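Sequence lines set the chain letters: A, B, ... in the order given, protein chains first and strands last, and positions in each chain run from 1. This one's a predicted model, so the numbers in the text were calculated from it and none came from an experiment.
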There are 2 protein chains.
Amino acid sequence: MHSPDIPDIVIHRLPLYLRTLTILEEQGQAITSSHELGAHLDISPAQIRKDLSYFGEFGKQGMGYEVGFLISQLKRILHLSHAWDVVLVGIGDLGRALASHSGLKRWHFRIVALFDKDPQVIGQSLGPLTVGDVADLHAVVSSRGIKLAIIAVPAEEAQGVADTLIEAGVRAILNYAPTPVNVPENVRLHSIDPVASLQSMAYYLNEE
Amino acid sequence: MHSPDIPDIVIHRLPLYLRTLTILEEQGQAITSSHELGAHLDISPAQIRKDLSYFGEFGKQGMGYEVGFLISQLKRILHLSHAWDVVLVGIGDLGRALASHSGLKRWHFRIVALFDKDPQVIGQSLGPLTVGDVADLHAVVSSRGIKLAIIAVPAEEAQGVADTLIEAGVRAILNYAPTPVNVPENVRLHSIDPVASLQSMAYYLNEE
DNA sequence: TAGATTGTTAATCGATTAACAATC
DNA sequence: TAGATTGTTAATCGATTAACAATC
């Protein structure tokens, strides 16, 4: 399918290349170079060329990269050629903000099911969707074959929700709960943790 | 002040240690070990000991680490002994969710000022705060000496807002706008980008 | 052709891990 | 004391960068 030996950090940079290329394309630019991409992203040209070389040859010597072609190749590599269904668990303030996040739709991540455990929240409508009872999470995820999930529940519930999702067939989780979540190694996990980010940034601030 | 040669990736792990230690303390545990911390976080014990050794000696051979002591030391190292004022720019759905984020208060990051450019939003109240006009951003940030900012504006406005913040004295920015933001090297920047995260996770999912 | 830029190799740089003496 | 665990060194591992032949 795909080489399992490509470093994860390389995979993480591909979406950045894709986004910059998309902006260039919207601006009507047909050709770019590793140097130009690197300048936008603060990444060295050599690294960009090396990253791309894991997947093939996409440029022409002396000339650079054709923007539209490289976009199509990156979408193919990242499996972004079709839309992905996503389940969202935890409909608090953050969950609601994510449910209406236009950037997800724009990039063909469709939130197709919402769940919460609070009886006050279950049954509420958000746009076209109705919040389901987390008790039904396993059944819905497995019957619909959903592979991607976003967790926005309190820390205490995150591990349990993750376990249910994985058992139901989810293969990748975006976790907003401020807690470590353990997953088997065949499941991808990204945690988004603004408090941890602020805490590490505080290190670099002088005390007053 | 502090050694500038400590790897950034080490600094990023310290908040994870701090959070796990805090959970252990809440559970009434007085002593822990690099092995136990590592098991919670999926980090090797050797790495935890090495990370801590950049800052001093905090454990006892044969015994481990005193939880409360290590917490206090990590807070000191990360400059978390006092509260930090934070300015939040961009009061959309995500901005509102962040404004009411209890985890920030819990960790003594106080959002003390809100800004937006939309006349419909300016003047609205969120809890104790009123949304200000982004035109006043520079004046408020510089007069209050705010060093930390969260950006939750649309992509097109992120760079301009960042430039204003930095000019007004902000030294670290948590960026939720889905766009690369360039900052001088004496300013810290963390970008939170759920779409990029989902895109890189999609790589690991088989197409169907 | 001359200039530019790719793809790739080898060198460098940096982070992680294994191992163990010190010692509680 | 015996067992356990730290702090640290050296070895290993992996990622980034520099350099350049190939060639558009």
Side-chain angles (χ1 to χ4, degrees), chain A residues 3-18 20-21 24 29-74 77 180 185 200 203, chain B residues 3-18 20-21 24 29-74 77 180 185 200 203:
Chain A
S3 317
D5 56 350
I6 294 169
D8 196 49
I9 195 165
V10 172
I11 302 301
H12 278 73
R13 281 192 292 262
L14 299 185
L16 307 181
Y17 304 159
L18 178 57
T20 301
L21 287 161
L24 294 177
Q29 192 170 329
I31 301 287
T32 188
S33 66
S34 59
H35 181 85
E36 184 179 45
L37 286 174
H40 276 90
L41 291 164
D42 222 3
I43 292 175
S44 79
Q47 180 152 89
I48 292 174
R49 296 200 301 278
K50 180 99 163 78
D51 286 353
L52 295 176
S53 76
Y54 282 102
F55 304 96
E57 306 189 358
F58 305 111
K60 290 209 180 70
Q61 281 105 327
M63 200 261 252
Y65 301 92
E66 207 262 292
V67 173
F69 175 71
L70 190 49
I71 287 174
S72 69
Q73 291 300 302
L74 285 171
I77 291 164
E185 65 169 321
S200 62
Y203 171 77
Chain B
S3 318
D5 56 351
I6 294 168
D8 195 50
I9 195 164
V10 171
I11 302 301
H12 279 74
R13 280 192 292 263
L14 300 185
L16 307 181
Y17 303 159
L18 177 57
T20 301
L21 288 161
L24 293 177
Q29 193 170 328
I31 301 287
T32 189
S33 66
S34 59
H35 181 85
E36 183 180 46
L37 286 175
H40 276 90
L41 290 164
D42 222 2
I43 292 175
S44 80
Q47 179 151 89
I48 292 173
R49 297 200 301 279
K50 180 98 163 81
D51 285 354
L52 296 176
S53 76
Y54 282 102
F55 304 96
E57 306 190 359
F58 306 109
K60 290 211 180 68
Q61 281 106 327
M63 199 261 253
Y65 301 91
E66 207 263 291
V67 173
F69 176 70
L70 190 49
I71 287 173
S72 69
Q73 291 300 302
L74 285 171
I77 292 164
E185 65 169 320
S200 62
Y203 170 77

- Query: Where along residues 65-74 of chain B does a heavy atom fall under 4.0 Å from DNA chain D?
  - Reply: B/Y65
- Note on the structure: Among the nucleotides D/dA18, C/dA22, D/dC24, whichever has the atom closest to the side chain of A/Q61 is D/dC24
- Task: Would you mind reporting whether B/L52 and B/L74 have side-chain heavy atoms less than 4.5 Å apart?
- Result: yes
- Would you kindly give the NE2-to-C1' distance between A/H35 and C/dT6, to the nearest whole Å? 14 Å
- Item | Complementary nucleotide for D/dG3 - Watson-Crick or wobble, under 3.5 Å | C/dC24
- Query: Rounding to a whole Å, what distance do you find between B/M63:CE and D/dG7:P?
  - Reply: 11 Å
- Message: Here's a test of your reading of the structure: between A/G62 and A/R13, which maps to the more 5' nucleotide of DNA chain D?
- Response: A/R13
- Among the nucleotides C/dT5, C/dT8, D/dT8, whichever has the atom closest to the side chain of B/S53 is D/dT8
- Message: Over all strands shown, is B/I9 touching base, sugar-phosphate only, or nothing at heavy-atom distances under 4.0 angstrom?
- Response: sugar-phosphate
- Item | A/L37 and A/L21, any side-chain heavy atoms less than 4.5 Å apart | yes
- Message: Do B/E36 and B/L24 make a side-chain contact, defined as non-hydrogen atoms from C-beta onward lying under 4.5 Å apart?
- Response: yes
- Round to the nearest Å and state the distance from B/Q47 atom CD to D/dC13 atom P. 16 Å
- Item | Base-pairing assignment for D/dT9 (Watson-Crick or G-U wobble, both under 3.5 Å) | C/dA18
- Message: If you define the side chain from C-beta out and look only at heavy atoms, does anything of B/Y203 sit under 4.5 Å from A/H12?
- Response: no
- Message: Nearest to the A/R49 side chain among C/dT6, C/dA15, D/dA18, which nucleotide is it?
- Response: C/dT6
- Query: Taking all non-hydrogen atoms of both residues, which atom of A/H40 and which atom of A/T20 are closest, and how far apart?
  - Reply: CB-CG2, 3.8 Å
- Message: Output the rounded distance in Å from CG (A/D42) to P (D/dT17).
- Response: 11 Å
- Query: What nucleotide among D/dT6, C/dT8, D/dT16 has an atom nearest to a side-chain atom of B/S34?
  - Reply: D/dT6
- Evaluate the side-chain proximity of B/Y54 to B/I77: yes if any heavy-atom separation is below 4.5 Å, no if none is. no
- Note on the structure: With the side chain defined as heavy atoms from C-beta on, A/E57 is closest, among C/dT8, C/dA18, D/dT17, to C/dT8
- From NZ of A/K50 across to C1' of D/dT16 the rounded distance in Å is 9 Å
- Item | Presence of A/S44 side-chain N/O under 4.0 Å of D/dT17 phosphate oxygens OP1/OP2 | yes
- Query: Could you give the CD1-to-P distance, from B/I31 to C/dC24, as a whole number of Å?
  - Reply: 15 Å
- Integer-rounded Å distance: C/dG14 P and B/D5 CG: 11 Å
- Message: Please verify the inter-ring angle class for A/F58 with A/F69; under 30° counts as parallel, over 60° as perpendicular, anything in between as tilted.
- Response: tilted
- Message: Just the rounded figure in Å: distance from C1' of D/dT6 to CG of B/D51.
- Response: 15 Å
- Message: On a heavy-atom basis, which atom in A/P45 and which in A/H35 lie closest, and how many Å separate them?
- Response: CG-CA, 3.9 Å
